[in-house]
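Beneath this line is the structure, given in structure tokens, with notes to follow.
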Protein chains: 2
Amino acid sequence: MARTPPTKPRKNALQARSRATVDALVEATARILTRDGFEKASTNRIAEVAGVSVGSLYQYFPSKEALVAAVIERHNEEIMGIVRTALAEVADLPIDKAVRKLVTVAIEAHRINPKLHRVLAEQIPRTGQLKDVEAFNREIHTLVHTYLESRRKEMRKIDLDVATFICVSAIEAVTHNTVLHGAEMLSEKMVRTLVEETTRLVVGYLR
Amino acid sequence: MARTPPTKPRKNALQARSRATVDALVEATARILTRDGFEKASTNRIAEVAGVSVGSLYQYFPSKEALVAAVIERHNEEIMGIVRTALAEVADLPIDKAVRKLVTVAIEAHRINPKLHRVLAEQIPRTGQLKDVEAFNREIHTLVHTYLESRRKEMRKIDLDVATFICVSAIEAVTHNTVLHGAEMLSEKMVRTLVEETTRLVVGYLR
DNA sequence: ATATAATGCGAGCATACGCTCGCTTTTCCA
DNA sequence: TGGAAAAGCGAGCGTATGCTCGCATTATAT
């Protein structure tokens, strides 16, 4: 039997409905962030929206930042999953096919929840999650780098690190701007055009 | 004589030292934003750093947001000046020379005050300055569009709007990531490499 | 059935923040 | 030089927010 005295479980020991509580809290935080922005996300409001009391909230999250951090982590995990899958599927394809697929996936990933994406991007410096996000970026960098290495014969002579940086930046930027700036008024046709053009940009650069 | 009763001058009627006060307030806001972030920028603190009382602060700025907005405006004006000048200087140059110059200038503009740039980018949605920043973006878009139009013969057949969007996004992204992510550890050599590569990316795309 | 731990509750404390208001000091100019 | 307007001051108000704590409810195990 655990010797742990019935103190407040520092962080969590979720075995039953408490799991549901935690989920509800994270979900509520995400909803409020998306719909009303960071300022409106007070702990009282989060608890209220989650259908939970503030007391319970503080049993699982030591601070408001911890909640936002949890949302960020969940979101990043989701996106990383998509990216990893895409890069795996693409491993044996030639550069042009691969890039096209990656750009498509990138836009789709951003389209899941553009507003959340934006708010989170804003809050990352505040929550001290910068390190995690950098890790996240490094993983993408590594994955792309590895892919490019395996396709070196299709490319011109080039510093792979620099090339990776340029390609990832370019793709990220177009998807970002497409989804965030360009609002939601994105015809399917427009998306296809942008995918095509971005592919051309990157592929043209690599060889 | 003006019929205006000695009420509080809604916004300003700066003729003497009051100008200095306003400047000090904007400057203090910028400093705090850069060094400590948005949360720490309370009106009391801003006034204190500016060497001014809160009361005076509120004589010139109706709210905290107004202060941040002023900082954003000042910063945007500065950058737009740089960009306009660069684009003017570049008007008669062929695409490759022009792009190289633009990329160089873009990186330099970002390097003036990377941290302020970042914080402001985060706060723009909050201050309702989105419209102004969009105007700012539209101006850049228009300027680039015009330049590209004048150089059409050097380019492949291409939709100029799409091309402008792609080029601006790509350049913006590389500069952004270079200055923000890459911290300050930027050797001059690295900068040159990135300028070279970005130029290649964009020029290769356009023709 | 009862004891014990786990989970949930929400009024309320402490604090910090945006902002006002009545007053003093400085500047201007007739 | 005197008086009015402009500029500056800062204690303190109202409010909202993050968070605690003592207690109530529910689950688990014997």
Side-chain angles (χ1 to χ4, degrees), chain A residues 1-26 28-29 32-33 36-71 123 126-128, chain B residues 1-29 32-33 36-70 123 126-128:
Chain A
M1 200 192 290
R3 276 297 82 207
T4 23
T7 2
K8 227 183 302 171
R10 258 299 199 190
K11 246 194 165 178
N12 47 22
L14 347 160
Q15 301 134 337
R17 71 202 145 132
S18 58
R19 191 124 207 161
T21 302
V22 170
D23 274 4
L25 284 168
V26 176
T29 307
I32 295 176
L33 285 178
D36 313 309
F38 185 79
E39 348 281 5
K40 300 297 183 60
S42 70
T43 50
N44 286 315
R45 212 165 123 69
I46 292 172
E48 185 191 318
V49 170
V52 155
S53 81
V54 226
S56 299
L57 185 155
Y58 278 94
Q59 252 174 19
Y60 301 108
F61 297 93
S63 72
K64 183 187 166 184
E65 275 68 36
L67 266 164
V68 178
V71 176
Q123 298 315 323
R126 252 183 274 285
T127 54
Chain B
M1 201 191 289
R3 281 290 85 212
T4 23
T7 4
K8 229 181 304 173
R10 260 301 200 184
K11 247 195 169 178
N12 48 21
L14 344 161
Q15 300 132 341
R17 68 201 150 135
S18 59
R19 191 125 207 161
T21 302
V22 170
D23 275 3
L25 284 167
V26 176
E27 182 57 33
T29 308
I32 296 177
L33 285 178
D36 313 309
F38 185 79
E39 349 281 4
K40 300 297 182 59
S42 69
T43 49
N44 286 315
R45 212 163 124 68
I46 291 172
E48 186 191 319
V49 170
V52 154
S53 80
V54 228
S56 300
L57 186 156
Y58 278 95
Q59 250 173 24
Y60 302 108
F61 297 92
S63 73
K64 182 186 166 183
E65 275 68 36
L67 266 164
V68 178
Q123 298 313 327
R126 252 182 273 286
T127 54

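Naming convention: chains lettered A, B, ... in sequence-line order (proteins, then strands); numbering from 1 in each chain. The model shown is predicted, which means the values in this text are computed figures rather than measured ones. In what follows, every heavy atom counts, from backbone to side chain, and hydrogens, waters and symmetry copies are set aside.
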Q | Atom-to-atom span, CD of B/Gln59 to C1' of C/dG22 - whole angstrom | A | 13 Å
(Q) Name the residue from A/Val49, A/Leu67, A/Val71 that meets the side chain to side chain contact (heavy atoms under 4.5 Å, CB included) definition with A/Ile32. (A) A/Val49
**Q.** Length of the line joining B/Glu48:CD and D/dC9:C1', which is rounded to integer Å
**A.** 14 Å
Q. Within this structure, what is the CG-to-P distance between B/Leu57 and D/dA7, rounded to whole angstrom?
A. 15 Å
Q.
Going by salt bridge (charged side-chain N to carboxylate O under 4.0 Å, His left out), name the residues that satisfy it together with A/Asp36, two or more places apart in sequence or in a different chain.
A. A/Arg45
Q) How does protein contact run along nucleotides 12-18 of chain D, one letter per nucleotide 5' to 3', with B for base contact, S for sugar-phosphate only, - for none, heavy atoms under 4.0 Å? A) -----SB
(Q) Restricting to side-chain contact (heavy atoms from CB on, under 4.5 Å), what partner residues turn up for B/Ala24, sequence neighbours left out? (A) B/Ala50
**Q.** Results of side-chain contact (heavy atoms from CB on, under 4.5 Å) for B/Glu48 - residues two or more places apart only
**A.** none
Q: Give the nucleotide from the list D/dT26, D/dC9, D/dA7 with an atom nearest to the side chain of B/Tyr60.
A: D/dA7
(Q) B/Asp23: which residues meet the side-chain contact (heavy atoms from CB on, under 4.5 Å) condition with it, sequence neighbours left out? (A) none
Q) Atom CZ of A/Arg19 and atom C1' of D/dT26: how far apart are they, to the nearest Å? A) 20 Å
Q) Does A/Thr21 make a side-chain N or O approach to OP1 or OP2 of C/dG8 shorter than 4.0 Å? A) yes
Q. Closer than 4.0 Å, any side-chain N/O of A/Ser53 to the OP1 or OP2 of C/dG8?
A. no
Q. Has B/Ser56 got a side-chain N or O lying under 4.0 Å from the OP1 or OP2 atom of D/dA7?
A. no
Q.
Rounded to whole Å, how long is the line connecting atom CD1 of B/Ile46 with atom P of C/dC19?
A. 10 Å
Q) Can you list the residues that meet the side-chain contact (heavy atoms from CB on, under 4.5 Å) rule with A/Ser53, with sequence neighbours excluded? A) A/Ser56
